[in-house]
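Because the structure is predicted, anything quoted here is derived from the model rather than measured.
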Amino acid sequence: MSGLKNDSYDIVVGIPSFNNRSTIKHVVEIASRGLKEYFPKMRSCIVNSDGGSSDGTEGSFYSANSMGLDLLSFKYTGISGKGSAMRSILQLASRLDARAVVFLDSDLRSVEPFWIERLAGPIIDLDASYVAPYYIRHKYDGTITNSICYPLTTSLYGRKVRQPIGGDFGVGREMIDYYMSVPEETWNSDISRFGIDIWMTTSAINEASGKIYQAALGSKIHDVKDPGKQLGNMFREVVGTLFDLMEKYHRKWEAVSGYETAPVYGDVVGGEAEPLQVDLANMMGKCYEGVRTRLDFSESVLGGEITRKLSTFSKENAMVTDDLWVEVVYRISSAYRRRELRNKLIELLVPVYFARVADFVTRTLEMDQEEAERETERLLERFVNTKEELRKIWEKNTR
């Protein structure tokens, strides 16, 4: 069955895609089971916003057994990227007067029917405005989240959301309306690419009047990526958006101290994370090369003491401690308000991020998932406990 038969739907499941033929059918069928099992009386549909796949993703989407639910696949317009795909789903959901949108990544292999209930249930039953995922992930999966998005966002806005860029979200009517209300130029940025998730979560924390929940989803198994080989561009887009939002919401975060944990909806589900191998030598080599060519710029932004530490790196030993990482993030995020320097600032931060991940991997090689998670929590507390330093650096750069 293809095409939407109704003018309105209660729940829209949206799946952004680009060349995901091998996995999208599975995601559709699991989502269909979840909608039928947990929301049998609701009008629901599943839509696919595609970036021009050449591998037959659309055909695979329509070949799924949707258990009678309406399916629609279309190619989005605008800047090529995940954000444009998600925007087009939100636009459609707005026109369909949807109460909730559930976003699912198209490469998921661990998705279960109960995910639909966990992501939509707080919106339908508890008047939540936004639901972020709460996963079990391999200790080296989600390094952008663990290194900066999770600890810095928690410290800034006082809301502890473990996976602010997890990819699988529930969005209530209030936030659908907000996302659709922003000026058109807002989308002419990295928000239309990989910046979309951190923008959506940060906006929800700062704009929503309803509650924000975390959905206990168990393990996330998807197409994982080696940080040093595949995450450079994603880091630029995500972190650039994160820093841009710091300027927008600086009056709010300057007044925030401490944090509270967003409530977790559903029993936390156990499970094993899929193994992920990280090429340490590659990351340290990239850090060494990236920092070595930017030492003069580093000194002008980070100061002499930090730059001297970075200048001691070699291809075989380029690692950044938690304390040094927090200080670098504070200085670069504060300087990011100078628009003429933005590209250079992010290009300096990327190799330092590789060194930060290299340090984390080295320290946690023999640790299990739980022990490694405690290391991430220690970084979070470091951000929280030194937030006054960020305020001082920010104020100094304002003058």
Looking at [X] and [Y], what are the two nearest heavy atoms and their distance?
{"X": "Val256", "Y": "Tyr157", "result": "CG1-C, 3.8 Å"}
{"X": "Met67", "Y": "Lys36", "result": "O-CE, 2.9 Å"}
{"X": "Leu295", "Y": "Thr307", "result": "O-CG2, 3.6 Å"}
{"X": "Phe354", "Y": "Cys287", "result": "CB-CB, 4.3 Å"}
{"X": "Gly167", "Y": "Asp105", "result": "O-OD1, 3.5 Å"}
{"X": "Arg193", "Y": "Ser80", "result": "CG-O, 3.9 Å"}

Verdict with reasoning, Ser66 to Ser32, per side-chain hydrogen bond (donor to acceptor under 3.5 Å, both in side chains): CA-CA 5 Å; Ser66 69; Ser32 300; 5.0 Å; no
Answer yes or no: is there an ion pair linking [X] with [Y], defined by an N-O contact shorter than 4.0 Å?
{"X": "Arg292", "Y": "Glu289", "result": "yes"}
{"X": "Arg374", "Y": "Glu370", "result": "yes"}
{"X": "Glu375", "Y": "Lys139", "result": "no"}
{"X": "Asp322", "Y": "Arg356", "result": "yes"}
{"X": "Glu58", "Y": "Arg21", "result": "no"}
{"X": "Lys160", "Y": "Glu377", "result": "yes"}
{"X": "Arg33", "Y": "Glu29", "result": "no"}
{"X": "Arg236", "Y": "Asp190", "result": "no"}
{"X": "Asp107", "Y": "Lys220", "result": "no"}
{"X": "Arg342", "Y": "Asp244", "result": "yes"}

Given 3.5 Å as the limit, does a donor-acceptor pair link the side chain of [X] with the main chain of [Y], or not?
{"X": "Ser314", "Y": "Asn317", "result": "yes"}
{"X": "Ser88", "Y": "Tyr76", "result": "no"}
{"X": "Asn6", "Y": "Tyr9", "result": "no"}
{"X": "Lys387", "Y": "Ser155", "result": "yes"}
{"X": "Asn19", "Y": "Ser54", "result": "yes"}
{"X": "Arg118", "Y": "Asp267", "result": "yes"}
{"X": "Gln214", "Y": "Val264", "result": "no"}
{"X": "Ser192", "Y": "Asn188", "result": "no"}
{"X": "His250", "Y": "Glu247", "result": "yes"}
{"X": "Ser298", "Y": "Arg294", "result": "no"}

How long is the straight-line distance from [atom2] of [Y] back to [atom1] of [X], given to the nearest 0.5 Å?
{"X": "Ile123", "Y": "Arg99", "atom1": "CD1", "atom2": "CZ", "value": "10.0 Å"}
{"X": "Met234", "Y": "Asp197", "atom1": "CE", "atom2": "CG", "value": "8.5 Å"}
{"X": "Met86", "Y": "Trp199", "atom1": "CE", "atom2": "CH2", "value": "10.0 Å"}
{"X": "Cys149", "Y": "Ile165", "atom1": "SG", "atom2": "CD1", "value": "4.0 Å"}

Mutual orientation of the aromatic rings belonging to Tyr130 and Tyr179 [parallel < 30°, tilted 30-60°, perpendicular > 60°]: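 Tyr130 vs Tyr179 ring planes: perpendicular.
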What orientation do Phe243 and Tyr336 show, parallel under 30°, tilted 30 to 60°, or perpendicular over 60°?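 Answer is perpendicular, since the angle exceeds 60°.
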Identify whether NZ of Lys or CZ of Arg in Arg337 sits under 6.0 Å from the centre of the six-membered ring of Trp394 and within 45° of that ring's axis.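 Yes; both conditions hold, so Arg337 lies above the ring face of Trp394.
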A cation-pi test, strictly: NZ or CZ of Lys344 under 6.0 Å from the centre of the six-membered ring of Phe297 and no more than 45 degrees from its axis. Yes or no?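 Geometry flag: set, cation within 6.0 Å and 45°.
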Are there more than 12 heavy atoms of other residues, nucleotides or ligands under 6.0 Å from atom [atom1] of [X]?
{"X": "Asp368", "atom1": "CG", "result": "yes"}
{"X": "Arg338", "atom1": "CZ", "result": "no"}
{"X": "Glu388", "atom1": "CD", "result": "yes"}
{"X": "Lys315", "atom1": "NZ", "result": "no"}
{"X": "Asn343", "atom1": "CG", "result": "no"}

Does Thr321 form a side-chain hydrogen bond (donor to acceptor under 3.5 Å, both in side chains) with Asp323? I'd like the steps, not just the answer. CA-CA 5 Å; Thr321 64; Asp323 288 354; 5.6 Å; no
Give me the one residue out of Ser106, Ser53, Ser60 that meets side chain to side chain donor-acceptor pair (under 3.5 Å) with Asn20.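 Running side chain to side chain donor-acceptor pair (under 3.5 Å) over Ser106, Ser53, Ser60 with Asn20 returns exactly one hit, Ser106.
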What I'd like to find out is whether the side chain of [X] reaches to under 4.5 Å of the side chain of [Y], using heavy atoms alone.
{"X": "Leu35", "Y": "Met42", "result": "no"}
{"X": "Met284", "Y": "Glu316", "result": "no"}
{"X": "Val182", "Y": "Trp187", "result": "yes"}
{"X": "Leu152", "Y": "Met246", "result": "yes"}
{"X": "Tyr134", "Y": "Leu217", "result": "no"}
{"X": "Phe383", "Y": "Tyr150", "result": "no"}
{"X": "Arg162", "Y": "Thr145", "result": "yes"}
{"X": "Ser110", "Y": "Trp115", "result": "yes"}

Pair Leu379-Val326, side-chain contact (heavy atoms from CB on, under 4.5 Å): steps then yes or no: CA-CA 8 Å; Leu379 178 63; Val326 171; 3.9 Å; yes
May I have the step-by-step check of side-chain hydrogen bond (donor to acceptor under 3.5 Å, both in side chains) for Tyr135 and Asp168, ending in yes or no? CA-CA 10 Å; Tyr135 308 117; Asp168 309 299; 2.3 Å; yes
Option among Asp359, Val357, Ile148 that satisfies the side-chain contact (heavy atoms from CB on, under 4.5 Å) test with Trp325: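 So the option named by the test is Ile148.
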Assess the residue pair Gln369 and Arg137 against the criterion (side-chain hydrogen bond (donor to acceptor under 3.5 Å, both in side chains)); give the C-alpha distance rounded to whole Å, side-chain angles, the decisive distance to 0.1 Å, and a yes or no. CA-CA 8 Å; Gln369 191 69 35; Arg137 302 175 76 169; over 6 Å; no
Tell me whether the centres of the aromatic rings in Tyr353 and Phe235 are closer together than 6.0 Å.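 Centroid separation for Tyr353 and Phe235: below 6.0 Å.
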